[in-house]
Amino acid sequence: MLQVQVLRNNPELVKAKLAVKHFKQLELVDEIVVLDDERKKIQTEYDTIQSKVNTASKEIGKLMGQGKKEEAEQMKAEVAAYKTQVSALNEQTIATETLLHDKLILLPNLPADIVPIGKTPEENLNVKEGGIIPTLHAKAVPHWDLIKQYDLVDFETGAKITGSGFPLYKGKGAKFQRALVQYFLDFNTAAGYTEYLPPFLVNKDSAYGTGQLPDKDGQMYHATEDDLYLIPTAEVPVTNIFRDVILKEEELPVKMTAYSPCFRREAGSFGKDVRGLNRVHQFEKVEIIQIVEPEKSYEVLDQMVTHVEALLQSLELPYRILRLCGGDMSFTSALTYDFEVYSTAQERWLEVSSVSNFEGFQTNRMKCRSKDGNNKTKPVHSLNGSSLALPRIYAALVENNQVEDGILLPKALHSYFGSDRLV
RNA sequence: GGAGAGGUGGAUGAGUGGCUGAAAUCAACGGUUUGCUAAACCGUCGUACGAGUAACAUUGUACCAAGGGUUCGAAUCCCUUCCUCUCCGCCA
């Protein structure tokens, strides 16, 4: 959530930035400023009258103590006259604040200055490519054929157990998944991230804190009996560790990593996009999250991008890094880099990581702040990225390393998998 | 799931209707003292939103798990929800 102060300071700039994100309801900005004015006015009135009531009430207490019943009764009558005003003002306050808040949460985060102008994924800026696209043997096939041929993942049985999009990993296919998770976590903790294993269901407050609610309500699985949501990413539980927390300055930066399954309803896709492991309802992911001082958040974003890049390099996968354009960014992000790996048999790029700076958008909403040496509370920024999302990495590794009689593994995974080849 | 006991500031913990935004202790921070450390002593030590200021200062309101209610006045009384602990049940 944006701070009202930002809108007050420069409403026209805010509108211009919102336009970069292709946000339509620009009139909200002015409406919010007006509501905020109103809110202040009402509060001042309320405070004044409530102050009188409080003073009078104390006076009554004293009078009662002195046994001056009659005078006390008289004052009670006076206070009673304020009561209707107080309750009316109170209702106005709540109504105005609610309206203000409801409008404020409709605004997406403002894009950073370097966000490319554009609406579609084609307009994302390709900032870097790395790795080598391998030349596959003549009979090379996409991963959905390979995993069937070698019996690594069984989609049919997964569909029988649960439904489509819930893969059942099997044998070496399951072990490979486990090896990848282990490797990614080790890679992250080696870089100073503290490992967490969070709850996989979260309550409404948490879903709201990181911005999944109200924006992405329909994309999460919802356990209605208990009003809990299955997490779409570890970002939700892990970032919410610091909801309503005031950090000490020396505790920053907070660096966390977590493995979790991710659950996404993702209705509406079809065709090659959802073939095989390209898009599923349940997948595994290892996430990195940081909470940092505002002045450092863009430097940290670059560090996180470099970190993920190094991980991809260690997997010997061809990759490219995209700076997302305004139209392709998430609601909550100020700047996002997507990582894609090249899936040689499918001959297409697959998104495997998304690294974002949220600036104060999540922390403001979550009421996470820091306190400096002078006891001043200061805002903090939050960032996160996938490091990495498993299924598409799995797909790319399987496809790019296929040989005629099996599937090889990159060196980094040999010790984790216990072999230099998957099959 | 059943029965009981609780949820107060960073921590421990007092507080059953007004003098309590909250005692006391500890921790933390600043200072005095000190060869150094420790101890002792003095001081500071919640958050949010307003008013005010160049900025401090100062000041109003709200907040004692959350939300409602009673009352002139609620941490304190009532209701609902959530959470924790103990015992029992169930269970990986």
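First the proteins, then the strands, lettered A, B, ... as listed; each starts at 1. Not measured: the values here are computed from a predicted model.
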Measure up the A:H101 and A:Y208 rings against each other and bin them: parallel (under 30°), tilted (30 to 60°), perpendicular (over 60°).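 The arrangement is tilted - the two ring planes meet at 30° to 60°.
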Which of parallel (below 30°), tilted (30 to 60°) and perpendicular (above 60°) describes A:F187 and A:H307?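 Taking A:H307 first and then A:F187, their aromatic rings sit tilted (interplane angle of 30° to 60°).
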Sorted by first residue and then second, give each salt bridge (Lys or Arg N to Asp or Glu O under 4.0 Å) pair with at least one member in residues 54-74 of chain A; sequence neighbours left out.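 Of all non-adjacent pairs touching residues 54-74 of chain A, those that pass salt bridge (Lys or Arg N to Asp or Glu O under 4.0 Å) are A:E73-A:K76.
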Scan A:Y82 against the nucleic acid and name what it touches under 4.0 Å (heavy atoms): base, sugar-phosphate only, or nothing.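 No contact at all - A:Y82 keeps every heavy atom at 4.0 Å or more from the nucleic acid.
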Categorize A:K83 for me: base, sugar-phosphate, or nothing, with a 4.0 angstrom heavy-atom threshold over every strand shown.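 Sugar-phosphate only.
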For atom [atom1], what is the distance between [N] and [M], given to the nearest Å?
N     : M     : atom1 : value
B:A51 : B:C56 : P     : 14 Å
B:A23 : B:A75 : C1'   : 14 Å
B:G21 : B:G89 : P     : 48 Å
B:G46 : B:G9  : P     : 13 Å
B:U12 : B:A22 : C1'   : 16 Å
B:A48 : B:C42 : P     : 31 Å
B:C26 : B:G13 : C1'   : 11 Å
B:U20 : B:C29 : P     : 30 Å

[X] side chain N/O closer than 4.0 Å to the phosphate oxygens (OP1, OP2) of [N]?
X      : N     : value
A:N54  : B:U61 : yes
A:T44  : B:G50 : no
A:Q50  : B:G60 : no
A:K371 : B:U47 : yes

Nearest to the side chain of [X], heavy atoms from C-beta on, is which of [options]?
X      : options             : result
A:T377 : B:C72, B:U47, B:U61 : B:U47
A:R39  : B:U47, B:G50, B:C72 : B:G50
A:V79  : B:A62, B:U47, B:C72 : B:C72
A:S57  : B:G73, B:U47, B:G50 : B:G73
A:K376 : B:C56, B:G60, B:G73 : B:C56
A:K40  : B:C72, B:G60, B:G50 : B:G50
A:M64  : B:A48, B:G50, B:C72 : B:C72

Does [N] have a Watson-Crick or wobble mate here (both distances under 3.5 Å), and if so which one?
N     : answer
B:A75 : none
B:A3  : B:U86
B:U12 : B:A24
B:A54 : none
B:U47 : B:A62
B:A40 : B:U32
B:C19 : none

Can you confirm if the aromatic rings of A:Y394 and A:Y169 lie within a centre distance of less than 6.0 Å?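 Yes, the ring of A:Y169 comes within the 6.0 Å limit of the ring of A:Y394, centre to centre.
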Please confirm whether A:Y229 and A:Y221 have ring centers closer than 6.0 angstrom.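 No; A:Y221 has its ring centre 6.0 Å or more from that of A:Y229.
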Return the 5'-most residue of the pair A:Q3, A:K76 with respect to RNA chain B, ranking by each residue's nearest nucleotide.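 Per heavy-atom nearest nucleotide, the more 5' residue is A:Q3.
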Residue whose nearest RNA chain B nucleotide is more 5′ - A:G61 or A:A80: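 Looking at RNA chain B, the more 5' nearest nucleotide goes with A:G61.
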Would you mind reporting whether A:F417 and A:L180 have side-chain heavy atoms less than 4.5 Å apart?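 Side-chain contact under 4.5 Å: no.
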What integer distance in Å separates [X]:[atom1] from [N]:[atom2]?
X      : N     : atom1 : atom2 : answer
A:E45  : B:A51 : CD    : P     : 13 Å
A:R243 : B:A65 : CZ    : P     : 18 Å
A:D47  : B:C49 : CG    : P     : 13 Å

Could A:R264 and A:F283 be counted as a cation-pi pair, given that NZ or CZ must be under 6.0 Å from the ring centre and within 45° of the axis?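 No, A:R264 does not lie over the aromatic ring of A:F283.
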